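Here's the structure we're looking at; comments come further down.
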Amino acid sequence: FKILKTLHLTPKLDLCNGVTKHIFTLILDSDNPSLHFVSYFSGDALPYFQKRNIRLISLNKKNLLLNLISIFKIIKSENISIVNSHHRYFGFVAYIISFFYKIKTVITAHSKVYSFKLFSYNCDEIISVSNSLKNHLTNYFKIPSSKIIVKYNQISNNSFYIKNQINLSFLNDKTNLLYVGRLDYEKGFDLLLKSFQNIKKDNIRLIVVGDGKLRYLLNNISQTNIFYQKTIPDISDFFKIADIVILPSRTETFSYVALESIYFDKQIIASNVGGIPEALQNYNKAILISPNNEIVLTDSIINFLDGQTI
């Protein structure tokens, strides 16, 4: 039988990026990780892919022609059978390549996007990470439902880049609320900070792990009872000391933080938006709240603090 090799195409391999974790877990959980290759523009997670012997091929961010030539060479030299694009740009690149090579083109849709309908999702198969996202693809892009397969993100021991032990015992003196992810508007980070400031209790702490455009907001408020950690390869120990995890997203296709919270058996307050309800549908330690609502989020946190259970 023919050995099927897969080339994954993605713009970034960043530690705080769910797409990166998706590719990392998918490859290492596969029957034969050596049959997978990853092409990228940039990223801070590269050493952890290299440490697990995942083949990486860098591309030129600014030159489509050079990218096409590079990908042509990879497909030919490695006898690639499947090109799995994790971004619309690369989906279009793979579409062009399919006219020259007999390959199966797959696009894994990770986020809700708009515009460029003519150039989007021209491929043999689409993988959507949630039913919520699949509905968007069928309604907005008019893609036949039969062309889309829903495969939820998965988490396993392979989802963690390294296994470091971090001494966080000094944070055990208070009730810890944990936020993990990009510090941006879509993730509702600004909303969480406002809600936390509304809570007048001294025995709580907000732990923020991540980075992003709204990081500057931390400089505009009192740092009392806030602990900040920039994105690091292994965040397992932060989940272990958390009493509850907050997911205040305004939009979300399928949350890796939700999966990690379940993995560590944590209580969760999460926005009832996008694919989050799907991620939490069989988990009884979570409550879903209205998105983009500072008052509801504040009240939900206070109710948890008062009762210490969900």
Side-chain angles (χ1 to χ4, degrees), residues 1-14 17-43 45-46 48-50 52-59 61 64 67-113 116 119-130 133-134 136-137 141 143-144 146-156 158-159 253-254 256 275:
F1 63 94
K2 183 180 180 181
I3 296 176
L4 300 179
K5 294 183 179 180
T6 300
L7 173 64
H8 299 270
L9 303 176
T10 184
K12 291 185 177 182
L13 290 173
D14 285 337
N17 191 317
V19 177
T20 303
K21 186 159 287 188
H22 171 94
I23 296 171
F24 191 80
T25 306
L26 176 68
I27 293 175
L28 293 180
D29 281 352
S30 68
D31 293 333
N32 193 342
S34 67
L35 298 181
H36 293 261
F37 304 78
V38 183
S39 288
Y40 65 96
F41 289 146
S42 62
L46 303 182
Y48 309 101
F49 278 74
Q50 293 164 340
R52 303 299 286 271
N53 296 317
I54 298 173
R55 288 280 300 277
L56 299 175
I57 304 101
S58 63
L59 297 173
K61 186 175 182 179
L64 174 61
N67 289 336
L68 284 169
I69 294 172
S70 297
I71 296 171
F72 275 138
K73 290 180 178 178
I74 298 166
I75 292 173
K76 185 176 181 179
S77 63
E78 299 295 342
N79 195 24
I80 298 293
S81 302
I82 303 168
V83 175
N84 189 343
S85 305
H86 298 267
H87 188 278
R88 281 195 297 173
Y89 168 83
F90 283 117
F92 180 65
V93 170
Y95 174 67
I96 296 173
I97 292 172
S98 68
F99 287 98
F100 301 92
Y101 286 97
K102 190 176 181 180
I103 55 171
K104 180 179 180 180
T105 55
V106 178
I107 296 178
T108 300
H110 295 275
S111 58
K112 188 181 289 187
V113 294
F116 301 109
F119 303 101
S120 299
Y121 303 108
N122 295 305
C123 58
D124 298 315
E125 181 180 286
I126 298 171
I127 297 173
S128 170
V129 297
S130 69
L133 181 55
K134 178 181 179 179
H136 170 70
L137 294 172
F141 288 97
I143 299 170
S146 59
K147 189 178 179 179
I148 306 171
I149 299 172
V150 175
K151 290 184 181 179
Y152 292 147
N153 290 330
Q154 300 295 322
I155 194 166
S156 71
N158 287 323
S159 300
T253 49
F254 197 88
Y256 256 110

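Keep in mind the model is a prediction, meaning the values are calculated, not measured. The basis for the numbers below is simple: all heavy atoms, side chains too, and nothing from hydrogens, waters or symmetry mates.
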Original post:
Is the backbone of Val113 close enough, under 3.5 Å, to the side chain of His136 for a donor and an acceptor to pair up by distance?
Top reply: yes
Original post:
Just how far is it from atom CG of Asp29 to atom CD of Gln154, taken to the nearest 0.5 Å?
Top reply: 8.5 Å
Original post:
Atom OG1 in Thr108, atom CG in Asn84: separation rounded to 0.5 Å?
Top reply: 3.5 Å
**OP:** Could you verify whether a donor N or O on one side chain and an acceptor N or O on the other, from Thr105 and Asp124, lie under 3.5 Å apart?
**Re:** yes
Subject >> Gap separating the NE2 atom of His8 from the CD1 atom of Ile80, nearest 0.5 angstrom >> reply: 9.0 Å
**OP:** Could you grab the distance from atom CD of Glu78 to atom CG of Leu35, nearest 0.5 Å is fine?
**Re:** 10.5 Å
Original post:
What distance separates Ile107 CD1 from Ile148 CD1, expressed to the nearest 0.5 Å?
Top reply: 11.0 Å
**OP:** Determine whether more than 12 heavy atoms belonging to other residues, nucleotides or ligands lie under 6.0 Å from atom CZ of Phe116.
**Re:** no
Subject >> Minimal non-hydrogen separation, Leu7 against Ile71, with atom names >> reply: CD2-CG2, 3.9 Å
**OP:** Indicate yes or no: at least one non-hydrogen side-chain atom of Ile54 is less than 4.5 angstrom from one of Leu28.
**Re:** yes
Original post:
Are side-chain heavy atoms of Val38 and Ile27 found at a separation under 4.5 Å?
Top reply: yes
**OP:** Give the minimum heavy-atom separation between Ser128 and Leu133, together with the two atoms involved.
**Re:** OG-CB, 3.4 Å
Original post:
If we only count heavy atoms from C-beta on, is the Ile74 to Ser39 side-chain gap below 4.5 Å?
Top reply: yes
**OP:** In sequence, state the C-alpha distance, the side-chain angles, and the governing distance for Thr20 and Thr10, and then conclude on side chain to side chain contact (heavy atoms under 4.5 Å, CB included).
**Re:** CA-CA 8 Å; Thr20 303; Thr10 184; 5.9 Å; no
**OP:** Could you go through the side chain to side chain contact (heavy atoms under 4.5 Å, CB included) check for Leu64 and Val93 one step at a time?
**Re:** CA-CA 8 Å; Leu64 174 61; Val93 170; 3.6 Å; yes
Subject >> Residue pair Tyr48 / Phe24: nearest heavy atoms and the distance that separates them >> reply: O-CE1, 3.6 Å
Original post:
Between Ser58 and Tyr40, is any pair of side-chain heavy atoms under 4.5 Å apart?
Top reply: yes
**OP:** Would you give the length of the straight line joining atom CD1 of Ile143 to atom OG of Ser120, rounded to the nearest 0.5 angstrom?
**Re:** 8.0 Å
Subject >> Ring centers of Phe41, Phe90 separated by less than 6.0 Å >> reply: yes
**OP:** Considering non-hydrogen atoms only, spot the tightest contact between His22 and Tyr256 and give its length.
**Re:** CA-OH, 3.1 Å
Original post:
Yes or no on side chain to side chain contact (heavy atoms under 4.5 Å, CB included) for Leu4 and Lys104, after CA distance, side-chain angles and deciding distance?
Top reply: CA-CA 10 Å; Leu4 300 179; Lys104 180 179 180 180; over 6 Å; no
Original post:
Ile97 and side chain to side chain contact (heavy atoms under 4.5 Å, CB included): which partner among Val83, Leu68, Leu9?
Top reply: Leu68
Original post:
Would you say the side-chain atoms of Ser85 pair up with the backbone N or O of His87, donor to acceptor, closer than 3.5 Å?
Top reply: no
Original post:
Between Glu125 and Cys123, is there a donor-acceptor pair closer than 3.5 Å when you use the side chain of the first and the backbone of the second?
Top reply: no
Original post:
Do Phe100 and Phe72 have ring centres separated by under 6.0 Å?
Top reply: yes
Subject >> Flag if over 12 foreign heavy atoms under 6.0 Å of NZ, Lys147 >> reply: yes
Subject >> Shortest non-hydrogen contact between Asn67 and Tyr89, atoms and distance >> reply: ND2-OH, 3.0 Å
Original post:
Does NZ in Lys5 sit with more than 12 non-hydrogen atoms of other residues, nucleotides or ligands closer than 6.0 Å?
Top reply: yes
Original post:
What is the minimum heavy-atom distance between Thr253 and Lys112, and which atoms define it?
Top reply: CG2-N, 3.6 Å
**OP:** Decide yes or no for Arg52 and Pro33: does some side-chain heavy atom of the first lie under 4.5 Å from some side-chain heavy atom of the second?
**Re:** no
